[in-house]
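Let me begin by presenting the structure, written as structure tokens, before commenting on it.
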Amino acid sequence: MMDGRVDGGPGWPVRPSSITSFGRLSRAEILVSAGARRWYVGAAIALIWLISIAQDAVEHSGSVPAAIGGVALVVLFGAAFLAGAPLTWSLPLRLRLLVPAGLLALSFTLFPWVHWGVVGTWTYVGVLVGMGLLPWRVTWPVIVGLAAVALVALGVTEGWSEDILWVPAIILSISAMMAAFARTTATIAQLRDTQVELELLAVERERNRVGRDLHDILGHSLTVITVKAELAGRLIDADPQRARTEIAEVEGLARGALADVRATVAGFRGVNVSTELAAARSALAAAGIAADLPSSTDVIPADRRELAGWVVREGVTNVIRHSGASTCRISFRGAEVEVADDGVGPTASAATSTGLAGLRERVESAGGRMSVGRSDLGGFSLRVVL
């Protein structure tokens with residue numbers, strides 16, 4: 001179908017505008033665009049062939065005014081050819097044959113001077129057909145038909161001999177060559193556009209990764225730092241030694257968070273479920289929440305332990321921040337991780353949590369499944385099948 005895509009070959013659909021990347025340019029802007037200027041250079045060189053047509057027009061003119069008129073028509077034909085390709089690109093696919101058809105009609109204005117010698121100009125018509133990036137099922141019949149009409153016209157007027165074959169052969173070969181050239185150029189431009197789009201997607205994907213990791217890292221670390229700082233504040237008079245210990249741990253957490261941020265930005269951030277369990281024990285204790293943790297991580301598949309670490313990190317962060325719980329239980333059952341508490345349970349804010357949304361994205365991108373709901377302890381449950 002002529003629906004805005006071009007059959008550039010098997011498996012190679014080409015956008016018509018790809019050859020010059022016009023986008024939403026107006027017709028006037030297209031005529032002076034970079035792609036059009038490149039076309040003008042090559043097309044101007046090709047106009048050298050019109051010199052012989054102009055000479056024939058002068059030789060067959062009976063007067064100076066007639067000769068001037070004939071040369072003027074040749075110049076007009078050349079100018080129309082120059083503008084033809086950019087004008088074709090500016091039209092919808094279904095209207096693009098109008099431009100070469102108009103150039104074909106213009107060639108017949110030279111008929112009073114050169115008679116059927118006008119077929120020598122039809123190569124330019126075929127070139128516009130090829131440069132129009134029409135489907136091959138349209139391009140081939142048109143250029144073959146144009147060459148066939150030229151052959152018949154020359155055969156009828158000049159006699160059937162080998163001498164009449166070269167003009168139709170030139171029309172067919174050059175038109176087909178330019179059609180292939182236009183598609184190659186369009187395909188290259190389209191691939192470049194696709195490369196730019198992929199680069200932008202890669203940048204966006206990396207930005208999302210860094211943002212998600214920073215949220216997960218800083219959310220957890222800052223939550224634990226806040227809890228420990230509050231605890232140290234309460235202990236500073238009652239138990240100065242323990243307060244100093246808590247402050248020292250806050251300093252260590254802050255330094256660790258800074259190192260994690262640097263590693264995340266550099267793209268080398270890793271999480272280990274065993275380390276996260278140890279961190280969860282410390283964070284829950286500082287928050288005054290009893291921790292029921294597994295004694296081993298051996299049941300977690302080795303290739304899923306990093307993901308399990310992210311689940312533990314985000315789950316414990318939510319428990320400390322939002323649950324109001326007195327108990328937190330982390331359990332491993334084969335490839336399933338659950339973080340449950342006895343707090344307030346599922347809330348509207350939990351359903352729209354940025355951290356949980358980022359965790360869900362991380363889990364699903366790894367092929368896992370995540371669900372949230374009420375736990376058997378009466379509070380919130382975060383369950384992930386790795």
For Leu110 and Phe108: C-alpha separation, side-chain torsions, deciding distance, then whether side chain to side chain contact (heavy atoms under 4.5 Å, CB included) applies.
CA-CA 5 Å; Leu110 294 168; Phe108 280 99; over 6 Å; no
Evaluate the side-chain proximity of [Y] to [X]: yes if any heavy-atom separation is below 4.5 Å, no if none is.
X      : Y      : answer
Arg329 : Asp341 : no
Phe77  : Thr121 : yes
Glu306 : Val273 : no
Arg192 : Glu197 : no
Ser107 : Leu104 : yes
Val339 : Ser381 : no
Ile330 : Phe332 : yes
Thr157 : His115 : no

Calculate, to the nearest 0.5 Å, the distance between atoms [atom1] and [atom2] belonging to [X] and [Y] respectively.
X      : Y      : atom1 : atom2 : value
Glu338 : Ser331 : CD    : OG    : 4.5 Å
Thr109 : Leu73  : OG1   : CG    : 4.5 Å
Arg281 : Cys328 : CZ    : SG    : 11.0 Å

Please find the pair of heavy atoms, one from Ile164 and one from Leu154, that lie closest to each other, and give the distance.
O-CD1, 3.8 Å
Donor-acceptor contact below 3.5 Å, side chain [X] vs main chain [Y]:
X      : Y      : answer
Ser323 : Ala325 : yes
Arg304 : Ala366 : yes
Ser282 : Ala278 : no
Arg96  : Gly132 : yes
Arg242 : Leu235 : no
Asp342 : Ser326 : yes
Trp89  : Met131 : yes

Between Trp49 and Phe81, is a ring-ring contact (aromatic ring centres under 6.0 Å, His included) present by the stated rule, with each step listed?
CA-CA 12 Å; Trp49 288 8; Phe81 172 69; over 10 Å; no
Could you go through Asp56 and His60, starting from their C-alpha distance and side-chain angles, then the distance that decides it, and tell me whether this counts as side chain to side chain contact (heavy atoms under 4.5 Å, CB included)?
CA-CA 6 Å; Asp56 289 344; His60 292 85; 4.3 Å; yes
Aromatic plane relationship, Phe111 with Trp116 - under 30° parallel, 30 to 60° tilted, over 60° perpendicular
perpendicular
So Trp140 and Trp136, would you call those rings parallel, tilted or perpendicular, with 30° and 60° as cut-offs?
parallel
Under the side-chain hydrogen bond (donor to acceptor under 3.5 Å, both in side chains) rule, collect the residues that match up with Asp237, sequence neighbours excluded.
none
